[in-house]
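Reviewing the structure listed below.
The first residue of the sequence shown is numbered 1, and numbering continues consecutively from there. First listed ligand is number 1; within each ligand, the first listed atom is number 1.
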Amino acid sequence: MALPITGTTVKQQHLDWAAAGSLLAGLPGGALNLGHEAVDRHVAEGRGERVALTFLGRRYERKTLTYAQLADATSRAAQVLLDLGVQPGDTVAVLLGRTSELYLAALGSWKAGAVFCPLFGAFGPGPLKSRLELARAKVLIATEPLYQRKIAALRGSLPDLQHVLLVGEDGAAPAPHDGCADFNALVAAAQPASIVETNAQSPAFVHFTSGTTGTPKGALHNHGAVLSHLVTGRQVFDLTAADVYWCTADPGWITNTAYALVSPLVNGCMSVVDEAEFDPRRWYGVLKDEKVTVWYTTPTNIRMMMRYGAALARIYRENSLRLAASVGEPLNPEAVAWGDKALGAPFLDTWWQTETGAIAIANLPGHAKPGSMGLPLPGVEAAVVNRNLSKIEVLTEIDAVGELALKADLPSLFTAYVGDANRYQASFCEGWYLTGDLVRRDADGFFWFVGRSDDMIKSAGHTIGPFEIECTLMDHPAVAEIGVVGRPDLLLREVPVAFVSLNPGFEPGEALRLELLYFARQELGSALAPREILFVEAMPKTTTGKILRRALKAKALAEPEEDQPVTLAVAPGRFDDE
Ligand code: WTA
C-alpha cells in the first residue's frame with residue numbers, strides 16, 4: 001500500500017499520520033505490538049519462508065533466520081522473560097553484540113510487553129551502573145565477558161536487577177556463574193508465548209543519551225513508534241522485500257534499534273548483521289558478497305573507508321548498492337562525492353536524535369544537497385526558532401540561525417526521560433519539541449547544521465556529555481577541578497580532552513597523566529574516557545564561577561602538537577574494551 005502523501009514536490013508533501021496507521025497490521029481489539037509488526041505479521045501474511053536476517057560472525061560464520069524461524073525464537077524468548085516474572089513495563093537491559101541473541105532479546109521483550117534497554121558494551125562500570133539504576137532494570141541479558149568484566153562486581157549494589165541471563169562466546173553455553181542463567185538454553189527449552197497485549201502508548205524501548213548534567217537521559221519510546229520506522233524506511237531508503245539492507249550501528253545506539261532491528265523487519269526486507277567491528281576489506285567484502293542494496297552507516301566510518309584509498313575501493317566497485325546513507329554528525333560534501341565515485345552510490349545524510357526516535361530530516365535521491373542535513377520528511381514539521389523563556393519565536397528569514405524545533409506530533413517522539421519529568425517538560429514549548437541543535441534553513445528549504453546549543457561533544461557519531469566524564473574524574477584524589485571539551489578531529493569530528501587542576505600535594509607530570517587516563521578508562525570505558533589530560537594551574541571561570549568552556553576549547557586548539565600528551569591507542573571509531 002502506498003504512503004498517504006499529498007503534494008507534488010518533497011517540500012510541499014504532507015503525510016497523513018492517521019491514514020498511515022492503516023499500514024500497520026495491529027492485533028485484535030486495537031492492540032499494537034512492535035514484535036508482531038516486525039516479524040509475526042509477515043508470517044501471518046504468508047511471507048514466513050523469506051529470510052529475515054543473515055548473521056555474519058567474527059570469523060564469517062554464517063547463520064540465517066527466516067521470518068517464521070524468527071517469530072518462533074522470539075516468542076520463546078518472550079516466554080523466558082514471562083517465566084522470570086517480567087510484567088508489562090518492566091525493563092530488560094541488554095549488553096550484547098550484533099548477534100542473533102540481540103534480536104531475540106529485543107523482540108522477545110516487546111512480545112512480553114517489557115521495555116528493551118540496550119547499553120553500550122564499551123561503557124565502563126560507572127556509566128553502566130547509573131543507566132541500569134535509572135532504568136530500574138529487572139533483567140539483564142549480557143555476553144559472559146561483558147558481564148564478568150563490568151557488572152559482576154556491581155551486582156550487589158543493583159537491588160532492582162533480579163535476573164541475569166548470559167550468552168557465552170560465539171553463542172556457546174556460558175560457564176556457570178552465581179545468580180546467572182544460560183539465555184540460549186532457556187530459549188531452546190521454552191514454549192512460544194502468546195504476545196502480551198500492548199498498544200501504541202505502551203512503553204517499548206529506552207535509550208540513554210548524554211545530557212547537560214552528570215546524569216544521563218533515558219529517552220523512552222512507545223510501541224506506536226513502529227509507524228515512524230515503517231514510514232521512514234520507505235521514505236528515506238525506499239525499502240521493499242527485494243532489498244538486502246545493512247546498518248552498521250552499535251547495539252547501544254538508537255540507530256541500531258530503529259534502523260537495524262525495527263525498520264528493515266517491518267518493511268519485510270532481508271538484513272545483514274555483521275558482528276565484527278570496522279575493517280575496510282571486510283566491509284567492502286560484505287557490501288559486495290552479500291549484495292547489499294541499502295547501507296546505513298556513520299560519517300566517521302565513511303571517512304575511515306576513504307582513508308584506505310580509491311585503489312581498494314575499485315576492487316569492489318561492482319556491487320549491488322543503490323543507496324547509502326549516514327547519520328550522527330554532518331557529512332562533508334567530499335564524502336558524498338567519494339561514495340558516488342568509489343561505490344557507485346552517493347551518501348545521503350540523514351538527521352535525527354535519540355529523542356526523535358526516527359529520521360526526521362534527510363537528503364533523498366534527487367533531492368539532496370551535499371553538506372546539508374536535507375529536507376524535513378513529509379509528515380515532519382520543522383522550524384528554526386528562538387526560545388525566550390516560555391515563548392517560541394519562529395524565524396522565517398532565510399539562513400537565520402536558531403534552534404531546530406519539530407512539531408511534537410511524531411509517532412516516534414520520546415514520551416519521557418525516565419525518572420525526570422522536569423527535564424522532559426523543559427524540552428517542549430508551545431507544541432514544539434526543541435532539539436538543542438542550532439541550524440539554518442536555506443532558500444530551498446534545506447536545513448544546515450551549525451552546532452549544538454549546549455556543550456555536548458560528538459565523537460565518531462556518538463554524543464558524549466562532558467559532565468559525566470567530569471563527575472567521574474572528580475573522584476580521583478588528585479583532581480581539584482576539571483573541564484572536559486571536544487577538540488576537533490579530522491576523522492572522529494571531535495575527541496574529548498580533559499583540563500585538570502590539581503589538589504595540593506600532587507605534581508603534574510607524565511606519571512600522573514597516565515594514571516588519570518587509566519583511571520578514566522577503567523571507570524568510564526573506552527567510549528567515554530577522555531583521550532588526553534592537560535594540566536592547568538587554574539581553571540578559566542566566568543564571573544559567576546562557572547568553568548569557561550569556550551576558553552578551554554581555544555586552549556585545546558592552541559595546544560602545540562609536540563606538547564600533546566599521550567593519546568590512548570584506541571582504533572578510531574572502534575569502541576570496545578577487549
Ligand atoms: C547530531 C543519533 C549533523 C545532532 C541518531 C543530534 C547530526 C545528535 C546529524 C543526536 C546530521 C545527528 N548532521 N548533526 N546528519 N545526525 N546529528 O541522539 O547534534 O546519538 O542532536 O542520535 O547528533 O545524536 P544521538
Side-chain angles (χ1 to χ4, degrees), residues 118-120 122-123 205-212 216-221 225 228-229 232 236 247-263 296-303 324-333 335-336 347-364 368-377 380 382 401 403-406 410 412-414 417 427 433-441 446-465 468 486 492-494 527-528 573 575:
L119 300 167
F120 278 105
F123 279 178
F205 55 96
V206 63
H207 272 272
F208 283 92
T209 180
S210 298
T212 48
K217 304 182 288 190
L220 184 68
H221 298 267
S228 293
H229 299 138
T232 55
V236 180
C247 169
T248 62
D250 187 288
W253 199 23
I254 192 163
T255 306
N256 194 278
T257 299
Y259 291 103
L261 266 151
V262 182
S263 189
Y296 201 26
T297 188
T298 63
T300 292
N301 285 330
I302 297 165
R303 288 194 293 269
S326 79
V327 63
E329 52 181 300
L331 184 68
N332 35 323
V336 178
F347 281 98
L348 299 173
D349 194 9
T350 66
W351 179 95
W352 59 294
Q353 293 183 312
T354 303
E355 285 86 347
T356 69
I359 301 171
I361 297 178
N363 289 281
L364 302 171
K369 273 199 192 184
S372 82
M373 296 150 65
L375 293 166
L377 295 176
V380 176
V401 173
E403 187 170 356
L404 172 64
L406 303 177
L410 300 177
S412 60
L413 198 64
F414 72 133
Y417 283 132
S427 316
Y433 160 62
L434 292 135
T435 64
D437 278 4
L438 298 176
V439 297
R440 63 182 176 83
R441 181 165 46 186
F446 280 77
F447 282 77
W448 295 77
F449 185 74
V450 173
R452 283 286 304 175
S453 66
D454 54 27
D455 298 307
M456 286 306 119
I457 298 167
K458 264 280 160 178
S459 193
H462 294 271
T463 311
I464 297 176
E468 197 169 9
L492 306 179
R493 186 170 172 84
E494 285 186 305
L528 292 181
F575 283 159

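Judged by the shortest distance from any of its heavy atoms, D349 lies inside the 4.0 Å radius around the atoms of ligand 1.
Proximity to T463 (heavy-atom distance under 4.0 Å) selects the following atoms of ligand 1: 20 (O), 24 (O), 25 (P). If you number the atoms of ligand 1 from 1 as listed, the ones under 4.0 Å from a heavy atom of T350 come out as 11 (C), 15 (N), 16 (N). Taking every heavy atom of G328 and a limit of under 4.0 angstrom, the matching atoms of ligand 1 come to 1 (C), 7 (C), 9 (C), 12 (C), 16 (N), 17 (N), 23 (O). Of all atoms in ligand 1, numbered sequentially from 1 with element shown, those under 4.0 Å from a heavy atom of T354 are 18 (O), 20 (O), 22 (O), 25 (P). Of all atoms in ligand 1, numbered sequentially from 1 with element shown, those under 4.0 Å from a heavy atom of K458 are 1 (C), 8 (C), 10 (C), 20 (O), 23 (O), 24 (O).
When heavy-atom distances to ligand 1 are checked against a 4.0 Å cut-off, T255 comes that close only through its side chain, counted from C-beta outward. Contacts of R452 with ligand 1, taken as heavy-atom pairs under 4.0 Å, involve the side chain alone. Within the 4.0 Å heavy-atom criterion, the part of D437 lying near ligand 1 is the side chain and not the backbone. By the criterion of a heavy-atom distance under 4.0 Å, neither the backbone nor the side chain of M456 is placed next to ligand 1. If you look at Q353 next to ligand 1, the close heavy atoms, those under 4.0 Å, come from the backbone and the side chain alike. Both the backbone and the side chain of W352 come within contact range of ligand 1, each with a heavy atom under 4.0 Å.
No side-chain donor from either of T209 and E355 sits under 3.5 Å from a side-chain acceptor of the other. Judged purely by distance below 3.5 Å, without hydrogens or angles, the side chains of T297 and T248 pair a donor atom with an acceptor atom. Between the side chains of N363 and S372, a donor-acceptor pair is found at a separation under 3.5 Å. Judged by distance alone, the side chains of S210 and K217 never bring a donor and an acceptor atom under 3.5 Å apart.
In summary, of the residues considered (Y259, Y433, Y296, F447), a ring pair (Phe, Tyr, Trp, His ring centres under 6.0 Å) with W352 occurs for Y259 alone.
Atom CD1 of I457 is separated from atom CG of L492 by 12.5 Å, given to the nearest 0.5 angstrom. With rounding to the nearest 0.5 angstrom, the CG atom of L410 is 9.5 Å from the CG atom of L377.
Classification of the Y417-F414 ring pair by plane angle, with boundaries at 30° and 60°, yields tilted.
Between E355 and ligand 1, no N or O atom pair is found at a separation short of 3.5 Å.
Among all protein heavy atoms, the one lying closest to atom 20 (O) of ligand 1 is W253 NE1, 2.9 Å.
Ring centroids of F208 and F120 are separated by 6.0 Å or more, keeping the two rings apart.
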